[in-house]
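What follows is a set of notes on a single structure, which appears directly below.
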Amino acid sequence: MPESIRKLYPYYKDHRSFLLWGLFCLIFANALSLAYPYLLDLIVNRVIVAHEYGELPWLLAAMLGAAVAKGAFNFGQGYLAQKFGSNTAFGLRNAIYHKLNWLPFSYYDETHTGDLMSRLTLDLDAFRMFLAFGINNLVGLGLIVVFGIAYMYSMNAILATVILILMPFLAVIAIRFDTKLRPIYRTIRENLSTLNSGVQENVMGVRTVKSFAQENREIGKFNGNNGLYFTSNMEAAVLWKKFFPYIELVGNVGVVLVLGVGGYLVMTHATSLGNLVAFLSIVWFMIWPMSQLGYFLNNMTQASAAAKRLDEVLSAPQAIANTSQSEAPAARGRVSFCNVSAGFGGRAVLTNIDLDVEAGQTVALLGLTGSGKSSLVQLIPRFYDPLSGQVLLDGVDVREWSLDRLRREVAVVFQEPFLFSTTIFANIAYGKPDATVAEVERAAALADAAEFIERLPEGYSTLVGERGLGLSGGQKQRLALARAILMNPSVLILDDATSAVDMETEFRIQRALDEHLRGCTTFVIAHRISTLKRADFIVVLADGRIVARGSHDELLSQPGLYRDIFRKQFADAAQGDEFARSLWASSGGDRGWGA
Amino acid sequence: MGCVKSSQMNDRSGQTDNSNADLRSPFIYREDEALEKKFDGRQVRRLMSYLRLHPRLIVFSLVATTLGILVTLAAPYLVGKAINVAVGDKHPNTLLEYCAVLIVLYALNFFATRFRIYYTNLLGQSVIQHIREQLFHHVQFLSLKFFDERPAGSVLVRIMNDVNSMQDLFTNGVINTITNLFTLVGIIIIMLVLNWKLAILCMIVVPFMFLLSTRLTIQIRRSWQLVRLRLSRMNAHLAESIQGMRVTEAYARQAENEEFFRGVNGEYRRVFLGAQRRSIMFGPLVDLTGAIGSAVLFGYGVVELRAGLVTVGLLVAFANYLGNFWTPIAQLGQVYNQLLVAMASSERIFQYLDTAQTVADSDQAIAPETIEGRVEFRNVTFAYDSGRPALDDVSFSVTPGQTVALVGHTGAGKSTVINLLSRFYDVTDGAVLVDGQDIRSFTVESLRSRIGVVLQDTFIFTGSILDNIRFSRPGATDEEVRAAARAVHADTFIEALPQGYHTEVRERGSSLSMGQRQLLSFARALLADPRILVLDEATASIDTQTEELIQRGLARLLAGRTAFVVAHRLSTIRHADQILVFAQGKIVERGNHDSLLAARGVYRELVDAQYRMMREDSGVAVGLES
């Protein structure tokens, strides 16, 4: 058995008794398959030729009995093998799912969902099929050939040799056929997936398509892909057309040979009529499995390739080990970076970061795209580990914390919110499934989501996610925020988490957070000065280094990115200065704009 | 159309009847897989009408298949005869003749099989290709309402999975039905002719076979359907888990999810093994009925043989025919299954094909060469669902080149104005006029190609940046594309990309920031060079460098065009020639910035709120200046 399949031994070890009993049944089933030709032989030779009519009822009863016994054994071997395959697949799936749940973020940075899905579906199934009937097929084929040929030789050596000569032809054709068919099936799969993603993209971007009246071009593109899919399917059909008739022909030639040679042998009394009839029956019985040889072998090759891909997932390095040491009481939220450097894939992303944030403080991070803001905050919940230096929570290295605990203390809101296919309620309660309704409602209210949720006809029971109600980007972000708030974290990280909500809403959210999450250390990555300036202090990053830090006032008083950005954003307000002054003057605004 | 929507709503509300139980469900996956439907003659006829498009292929397939059947029918007879020769007249030459005839027949069958495989596949694949093409073409021109009402996933499932599930029916099903019926009738006739008494006795097993293949296959089919449903649920969860794994890990949700998955996985194993049990049972039962048939044949056959009424060869031939009986009967059952599955899929496909465009070209629709860009809404009323008007008797007019800012809270009707102007929807009452003519008198295509739309969220198609900008005008040269990008200041970021304009991007996982996507869509809109521009300004906060580029790009884009802007930024609003303030589907105020401020109404309140926020910041702005 191929190496890669043996490597997964731990996953089928516990179920192998099903396989063994299945094979046991298989031997009997195959041996009983010879009962029909044998009884046929007896009926012709003993009853018809030798006129022993009294034996007929017994022979017929034996025929029925053999069919029943063979059926029982066949059922046994088929079902036990399926059970072997399914139980193994069940365990493997759970193991991989478990593995996926603990793989580090860096793994997902480099792996596509589609690739993992094809391993979990196609590869797992290819492996399962090998266990569930691939092994039995190969063993069964071996048994059929051995039993069949032995039986044929026991009847007549010449006729048996004639049939034996045909077998290699059949095997060669069958194997060649499957080798050629394989790449074509791969092309079909690829073309189908191109067609699929093309349609998906078209439907998702339908508004853009319609806006520019590009329907006809999209149809052209679709027809092209559809045509390719058609062509590759026809290629497979052409291959079938080329090979299958030969397989059929070899079988038929076998019949004619048995008839011609066997008929002659009967005439010359070299063999009996019963033997001839039994031979014809055996030829049919052997040809079908033989023609499947290529398919059986293909099944094994595919299974071993699949097993290798499954093993790759199962043995992917789990870079971040879960040292469950510190079971300290709730963290207070002091975060320190001590000379931290980090890099992904050989590229330095952060260099010598030193940063101390007291519990309850809010830090804003500012920098251009790629300056390392997100990387910095992702070190706190250990989405990645630094190359050197230490990240400390409450003075304890985050690597000393139990991972589970750490992540319950540190809540992150990503820029791209992800909602699962379930109710709004369950989405908010994602990190704390036993949260009370009141808790969820409070979190939603703080994230300024309560109002729109309650306006939905089904409120918190509304289904969202892939197939649920479509929410706007801002609404999704607010749900993600509520999810984080519900955790009641000691450290909250907002990675551009309100980028899609409008300024007024963002303003309201910030006020609510300031008020209700007072003790929570907060890291904010944002672009709007109005957001940044609320922080206790601001850290400016450039090329993975901290280039400036200080309060809003301090940073404004020195040249740099912060002041540049401030000026740009407030050019707008400055233009409106004159108007604003008059506005507030007339509306009784107490504090004017200018000095 | 209205009923489609309402039925969907019913589905949803039906689910919330037990909403208390649902509220906390870790994951909910709605089943979108087609199950079987009742046999429906009209629908079958409609399905079969697709076959009529390929009369030549049908004839070839039938001829090839019929040839194959004739061989199948003749061969056992000849084998029987040959055996009689072997025991009877014992003439080697006669035996050789029979063998030669058989070889010729099998050679003929060889070619017949080749043709049959090729033509039946060609027929089936052609029909499938045609249906898919027709479906996509139809769906592509359906109105936006259609797409707004259903998730992208369910449209995808119909175009891909539902069409695919009919593949079996068309490649094998139809031809097989015809040939199997012929084979069955042929076998019966031959057996009756050879020995009618024996034939009738042997056919005792036929009803058993029939019962077996119908009863059991129904059960088998049902259990496999259940397997498919469970599998698609498990896969939906897997795909979602992988996509959301960062969230799961960040929120330490692994234990709960693993428990959920274990349940889904276990349920799948249970139904899978159940289906296997039924399917595996089928084979032995078939063998058993076969054995009964053989027992009857030999039991009675030997009696007849003794009486000299039949020959050994005949018995062997009968045994052969009896063996050939099973395949057609089993296949007929299979086709019936395929048909029921196809029934469900085709119903869903036809439902789409029968959906009319809600926005369609009238017969006299014209496609004007150019337009000036004058726009008027005349007493426009519009409701997405009847009863709740999104716009209520709205009138305004815009002269060419003006910029109109649409202001108001979410749901006030701003986006609806845009939807109506591009004719994504048709007005319920009143009229939208461009250059003084009702837009319903233009072809949809000509109207939309004169109106450029920049959406809040820019959709990125798989392809290069170049292709993405060119989307709005496929004929544009590379140089024109670059010029458009330059004009809206998108060139800076594009040229900084690894492969510049040739960088490959895609919708999900694309590395473009919100601001960059917006710039890209500006270039897209500029390239189309529309007379009327519709812009849904992004609410998103964008990094300041890009924001500045966007402001400059926007100015370039608006210059010289009639523009409608759903505005969020005060700077954009202030520069508008006309501001329309919407509330609850009505225009509550209109004018320019100064006049509206002076009016001290809704607009003033909105501006006030914005300034109040800014003022908090401006407190420090003061600090800067002093």
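The structure presented is a predicted model; accordingly, all values stated were derived computationally and were not measured. So that the names make sense, note that chain A is the first sequence line, chain B the second, and so on, each numbered from 1.
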What part of [X] is in contact with chain A, defined as an atom under 4.5 angstrom from a non-hydrogen atom: side chain, backbone, both or neither?
X        : value
B/Ser472 : both
B/Val79  : both
B/Phe147 : side chain
B/Ile451 : backbone
B/Leu315 : side chain
B/Val312 : side chain

Please classify the contact of [X] with chain B as side chain, backbone, both or neither, using a heavy-atom distance under 4.5 Å.
X        : value
A/Glu215 : both
A/Val199 : both
A/Lys432 : neither
A/Phe90  : both
A/Arg93  : both
A/Ile219 : both
A/Val410 : backbone
A/Leu64  : both
A/Tyr246 : both
A/Val277 : side chain
A/Leu276 : side chain
A/Leu59  : neither

Of the listed residues ([options]), which shares the most heavy-atom pairs with chain B below a 4.5 Å separation?
options                      : value
A/Asn74, A/Leu280, A/Asn94   : A/Asn94
A/Leu249, A/Val68, A/Thr121  : A/Leu249
A/Lys210, A/Met117, A/Met63  : A/Lys210
A/Val47, A/Asn216, A/Val49   : A/Asn216
A/Trp240, A/Tyr53, A/Tyr460  : A/Tyr53
A/Pro433, A/Ala411, A/Ala480 : A/Pro433

By salt bridge (Lys or Arg N to Asp or Glu O under 4.0 Å), which residues pair with A/Lys83, not counting sequence neighbours? none
Taking atom [atom1] as the centre, does [X] end up with more than 12 heavy-atom neighbours from other residues, nucleotides or ligands that are less than 6.0 angstrom away?
X        : atom1 : result
B/Phe110 : CZ    : yes
B/Arg246 : CZ    : yes
A/Tyr108 : OH    : yes

Is it true that a side-chain atom of [X] and a backbone atom of [Y] form a donor plus acceptor pair closer than 3.5 Å?
X        : Y        : value
A/Arg408 : A/Met487 : no
A/Glu218 : A/Val209 : no
B/Tyr98  : B/Ile83  : no
B/Arg604 : B/Leu597 : yes
A/Arg407 : B/Tyr251 : no
B/Thr248 : B/Arg253 : no

Among the listed options B/Gly266, B/Ala252, B/Ala291, B/Ser126, the residue most often paired with chain A at heavy-atom distances under 4.5 Å: B/Ala252
What orientation do B/Phe141 and B/His137 show, parallel under 30°, tilted 30 to 60°, or perpendicular over 60°? tilted
Should the pair B/Phe27 and A/Tyr430 be assigned to parallel (<30°), tilted (30 to 60°) or perpendicular (>60°) ring geometry? perpendicular
B/Phe461/A/Asn202 under side-chain contact (heavy atoms from CB on, under 4.5 Å): CA gap, chis, key distance, verdict: CA-CA 8 Å; B/Phe461 292 91; A/Asn202 171 273; 6.0 Å; no
Derivation and outcome, side-chain contact (heavy atoms from CB on, under 4.5 Å), residues B/Val155 and A/Val206: CA-CA 12 Å; B/Val155 180; A/Val206 68; over 6 Å; no
Going by side-chain hydrogen bond (donor to acceptor under 3.5 Å, both in side chains), A/Tyr97 matches just one of B/Gln254, B/Arg262, B/His237. Which one? B/His237
